Protein chains: 2
Amino acid sequence: MIEAGSRRREIDDVASELFHANGYAATSVRDIARALDIQGASLYAHVASKEDVLFSIVDRAAAAFERGADAATGETQSADPVERLAALVEAHVDVVTSDPQRASVFRPRRFRDVITDGIAVGAFRASDTNLAATFILTALNGIATWYRPDGRLTADRVADHYVDLALRSLSEDHR
Amino acid sequence: MIEAGSRRREIDDVASELFHANGYAATSVRDIARALDIQGASLYAHVASKEDVLFSIVDRAAAAFERGADAATGETQSADPVERLAALVEAHVDVVTSDPQRASVFRPRRFRDVITDGIAVGAFRASDTNLAATFILTALNGIATWYRPDGRLTADRVADHYVDLALRSLSEDHR
DNA sequence: CCTACCGATCGGTAGG
DNA sequence: CCTACCGATCGGTAGG
């Protein structure tokens with residue numbers, strides 16, 4: 001067997017792009033097939049259903065995010081909250097820009113934990129930890145709505161700026 | 001004539017809710033009609049097309065936002081950028097929480113202008129004005145995805161916290 | 001606002 | 001992976 005399952009990956013990749021660009025409902029099975037230069041019905045040789053494709057994509061995105069967050073927090077395990085939050089933001093931007101899926105794939109707990117830790121050691125200030133985490137996360141997830149790989153900013157540049165903005169939104173003072 | 005055009009408003013209201021909840025493509029003309037207890041085809045006595053309904057909704061949301069922003073900037077016309085941005089954030093939270101439409105209805109220019117002014121007078125700092133405006137705006141638009149009128153936070157409280165977070169994300173220093 | 005209907009397209013199956 | 005097809009549903013029209 002040569003590259004077992006690689007066709008299935010291609011289907012997921014293509015479908016992910018189309019779902020993101022046009023939405024799940026507005027993307028037909030035939031749209032996906034056309035992008036792969038096969039007939040619509042031929043897709044069913046590889047997938048059970050259209051929903052099956054969506055689940056597979058979401059699973060993959062969630063796993064990628066978890067890996068990114070694990071790596072980010074692992075790399076800077078005992079570092080201060082400032083660096084940990086920066087790592088989390090970078091990981092999130094990376095996932096969102098490289099696999100621009102539904103923004104609903106976010107894990108608020110990690111952000112909340114870092115912010116809580118940062119407040120405890122006096123590195124951050126926030127009058128509502130949950131809201132602060134949500135503020136930052138929705139801004140990050142919003143990247144998926146406007147980011148274009150061929151745009152004026154690279155994902156790395158976006159990450160740099162967003163790390164800065166996020167950190168300052170939690171800074172001690174704004175005067 | 002009694003309440004001329006009120007049926008059309010009902011259609012817009014119902015469609016707005018359905019589009020927001022399920023997306024435009026996933027909402028059928030018959031879904032809209034069912035919510036009004038009429039036949040699908042009967043909708044066409046009031047509207048020209050499904051797209052026509054969408055345009056009408058977006059127009060209305062945009063107008064509401066413009067009014068909110070105008071009122072906000074008008075109230076504090078000659079004030080410093082800090083207060084103007086605060087007013088803009090408050091207006092945006094108000095619109096987003098009271099008319100939770102598509103988040104795509106945003107006017108980045110106003111935010112960009114205020115940030116530019118703030119930088120000019122030394123009230124704000126941002127290494128990329130456009131990105132800073134986007135960061136704040138996407139966080140604001142994200143409110144529509146989680147805000148519930150019966151939730152733990154009132155729209156006013158959300159506005160207060162978001163004003164604070166936004167201002168600090170543009171603050172002079174984060175150390 | 002209704003009934004009755006149109007052509008097009010949908011997700012999916014049969015059989016090869 | 002193909003051709004050929006299915007029932008269901010889509011947005012929209014005709015005529016009242």
Side-chain angles (χ1 to χ4, degrees), chain A residues 1-62 99-105 144-145, chain B residues 1-62 99-105:
Chain A
M1 56 195 98
I2 300 161
E3 295 190 299
S6 86
R7 194 53 160 170
R8 175 58 204 257
R9 291 271 318 208
E10 281 183 355
I11 293 171
D12 285 354
D13 290 341
V14 159
S16 174
E17 270 182 57
L18 292 173
F19 289 167
H20 177 253
N22 313 313
Y24 176 77
T27 302
S28 74
V29 166
R30 283 156 180 83
D31 289 335
I32 300 168
R34 192 178 307 119
L36 294 165
D37 266 320
I38 61 175
Q39 291 305 113
S42 301
L43 261 183
Y44 291 89
H46 304 99
V47 306
S49 69
K50 186 187 176 187
E51 278 209 309
D52 181 49
V53 175
L54 177 63
F55 291 151
S56 164
I57 290 170
V58 171
D59 271 1
R60 242 216 294 165
D99 199 354
Q101 228 94 256
R102 281 300 286 134
S104 56
V105 191
T145 66
Chain B
M1 59 195 94
I2 301 162
E3 296 189 300
S6 87
R7 195 52 160 171
R8 176 57 205 258
R9 290 269 320 207
E10 280 184 357
I11 293 171
D12 285 353
D13 289 341
V14 158
S16 174
E17 268 182 57
L18 292 173
F19 289 167
H20 178 253
N22 312 313
Y24 177 77
T27 302
S28 74
V29 166
R30 283 155 181 82
D31 289 337
I32 301 169
R34 192 178 306 118
L36 294 165
D37 267 318
I38 60 174
Q39 290 305 113
S42 301
L43 261 183
Y44 289 90
H46 303 99
V47 306
S49 68
K50 186 187 177 188
E51 278 208 310
D52 181 47
V53 175
L54 176 63
F55 291 151
S56 163
I57 290 171
V58 171
D59 270 2
R60 242 216 296 164
D99 197 356
Q101 228 94 257
R102 281 300 285 134
S104 57
V105 190

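The chains referred to below are lettered A, B, ... by the order of the sequence lines, with proteins before strands, and numbering in each begins at 1. From a predicted model like this one, the values you see are computed outputs, not experimental measurements.
Proximity note for A:Tyr44 (side chain, C-beta onward) versus D:dC1, D:dT3, C:dG11: the nearest is C:dG11. Nearest to the side chain of A:Ser28, among D:dT3, D:dG12, C:dG11, sits C:dG11. Among C:dC2, D:dC2, C:dA4, the nucleotide with an atom closest to any side-chain atom of B:Ala41 is C:dA4. The side chain of A:Ile38 lies closest to D:dC2 when the candidates are C:dC2, D:dT3, D:dC2.
Look at OH on B:Tyr24: it is 12 Å from C1' on D:dC10, rounded to the nearest Å. Whole-Å rounding puts the A:Ile11 CD1 to C:dG12 P distance at 13 Å. Residue B:Leu54 contributes atom CG, which lies 14 Å from atom C1' of D:dG11 at whole-angstrom precision. One interatomic measurement links the two molecules: CD of A:Gln39 to C1' of C:dG15, which rounds to 16 Å at whole-angstrom precision. Put simply, CG on B:Asp52 is 14 Å from P on D:dG11, counting in whole angstrom units. In this structure, the CZ atom of B:Arg34 is 13 Å from the P atom of C:dC2, given to the nearest Å. Straight-line distance from the CG atom of A:Asp37 to the C1' atom of D:dC1: 13 Å, rounded to whole Å.
In this structure the side chain of A:Asp59 never reaches within 4.5 angstrom of the side chain of A:Ser56, judged on heavy atoms.
B:Asp31 contributes a side-chain N or O that, together with a main-chain N or O of B:Ser28, makes up a donor-acceptor pair within less than 3.5 Å.
An OP1 or OP2 oxygen of C:dG12 is reached within less than 4.0 angstrom by no side-chain nitrogen or oxygen of A:Arg30.
The distance from atom CD of B:Glu17 to atom CD1 of B:Ile57, rounded to the nearest 0.5 Å, is 10.0 Å. Within the model, atoms CD1 of B:Ile32 and CZ of B:Phe19 stand 4.0 Å from one another, a figure rounded to the nearest 0.5 Å. Summarising the geometry, atom NZ belonging to B:Lys50 is positioned 11.5 Å from atom CG belonging to B:Leu43; distances are rounded to the nearest 0.5 Å. Distance check, rounded to the nearest 0.5 Å: OG of A:Ser42 to CD1 of A:Ile11 gives 10.0 Å.
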Review point. In dot-bracket form, how is DNA chain D paired, counting a Watson-Crick or G-U wobble pair only if both its distances are under 3.5 Å and using | for bases paired to another strand?
Key: ||||||||||||||||
Exercise for review: Given side-chain contact (heavy atoms from CB on, under 4.5 Å), test A:Ile38 with A:Arg7 step by step and report yes or no.
Suggested key: CA-CA 12 Å; A:Ile38 61 175; A:Arg7 194 53 160 170; 3.4 Å; yes
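Summary of the strand contacts: A:His46 and B:Lys50 both lie near DNA chain D, and taking for each the nucleotide with the nearest heavy atom, the more 5' one is attributed to A:His46.
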